[in-house]
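Presented below is the structure to which this report refers.
None of the values given here were measured: they were computed from a predicted structure.
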Amino acid sequence: MADKKVTGFVKLQIPAGAANPAPPVGPALGAQGVNIMQFCQAFNAQTQDQAGTIIPVEITVYEDKSFTFVCKTPPAAVLIKEKLGIKSGAAIPQIQVAGMLTEDQLREIAEIKMPDLNANDIEAAMEIVAGTARSMGVRIEGREMKKKYVPSRKVAAMLQGKAVD
């Protein structure tokens, strides 16, 4: 069998087991000429055991309008929010604290993300996930921020409840 010619790639983040032809799935795949319902049924069947979790998917579209797709691990931010049971990160991450992760929880998340990370070992993966946590305002027990955050005048004014231009 000769190799099929690739005509496009589509990257989407879809709730597991809940793909449907509505945006963003329909328009993204329709533009490539892919059978939208066929993709939705295949994706939902493959991800039904992870229902509700956001799953990044990379879809490769071929010249004959057939496709293949690869499901990735959920984004680190989603895993952190699930682990802590919070809806979102802090509005001002360097000052406000949205939650606290233990070193063990950090390791669990890093182990889940390991296949999709550019890390040589679990320690490096933990550093990557810790960076995501910091940017969300989530602190990690036993790890302090390397440098002290000094808010800009705009952020300082917001914290004091003053009007910001």
Flag, side chain of Lys113 to backbone of Pro74, donor-acceptor distance under 3.5 Å:
yes

Spatial distance of atom [atom1] ([X]) from atom [atom2] ([Y]) [nearest 0.5 Å]:
| X | Y | atom1 | atom2 | result |
| --- | --- | --- | --- | --- |
| Ile122 | Leu117 | CD1 | CG | 8.5 Å |
| Met114 | Ile112 | CE | CD1 | 13.0 Å |
| Cys71 | Gln46 | SG | CD | 4.0 Å |
| Met136 | Ile86 | CE | CD1 | 5.0 Å |
| Leu79 | Glu111 | CG | CD | 12.0 Å |
| Glu63 | Thr7 | CD | OG1 | 7.0 Å |

Report yes if some heavy atom in the side chain of Met126 is under 4.5 Å from a heavy atom in the side chain of Glu103; otherwise report no.
yes

Heavy-atom distance under 4.5 Å between the side chains of Ile55 and Ile14, does that happen here?
no

From the list Thr132, Val129, Val78, side chain to side chain contact (heavy atoms under 4.5 Å, CB included) with Ile109 holds only for Val129

With sequence neighbours excluded, what pairs up with Asn118 under the side chain to side chain donor-acceptor pair (under 3.5 Å) test?
none

Can you list everything that forms a side chain to side chain donor-acceptor pair (under 3.5 Å) with Thr47? Sequence neighbours excluded, please.
none

Output side-chain donor-acceptor pairs under 3.5 Å for residues 23-34, partner residues at least two apart or in another chain, one line each.
none

For a quick test of reading the model, state the closest non-hydrogen atom pair linking Pro56 to Ile54 and the distance between them.
CD-O, 3.9 Å

Contacts of Phe69 that satisfy ring pair (Phe, Tyr, Trp, His ring centres under 6.0 Å) - sequence neighbours left out:
Phe39

Could you list the residues that satisfy side chain to side chain contact (heavy atoms under 4.5 Å, CB included) with [X], not counting sequence neighbours?
| X | value |
| --- | --- |
| Glu58 | Lys11, Lys72 |
| Gln48 | none |
| Asp104 | Thr102 |
| Thr60 | Val6, Phe9, Tyr62, Thr68 |

Of all pairs that satisfy ring-ring contact (aromatic ring centres under 6.0 Å, His included), the ones with a partner from residues 94-124, not counting sequence neighbours:
none

According to side chain to side chain donor-acceptor pair (under 3.5 Å), does anything in residues 33-42 pair up with another residue at least two apart or in another chain? List the pairs.
none

Apply the test side chain to side chain contact (heavy atoms under 4.5 Å, CB included) to residues Gln105 and Ile140: give CA-CA distance (whole Å), side-chain angles for both, the deciding distance (0.1 Å), then the verdict.
CA-CA 9 Å; Gln105 290 172 321; Ile140 290 101; over 6 Å; no

Pairs in or reaching into residues 32-55: which pass salt bridge (Lys or Arg N to Asp or Glu O under 4.0 Å), with residues at least two apart or in two chains?
none

Tell me which pairs pass salt bridge (Lys or Arg N to Asp or Glu O under 4.0 Å) where either residue lies in residues 83-98, with sequence neighbours left out.
Lys83-Glu108

I would like to know whether Arg134 and Glu127 meet salt bridge (Lys or Arg N to Asp or Glu O under 4.0 Å); could you show each step before the answer?
CA-CA 10 Å; Arg134 276 193 302 275; Glu127 286 298 320; 5.0 Å; no

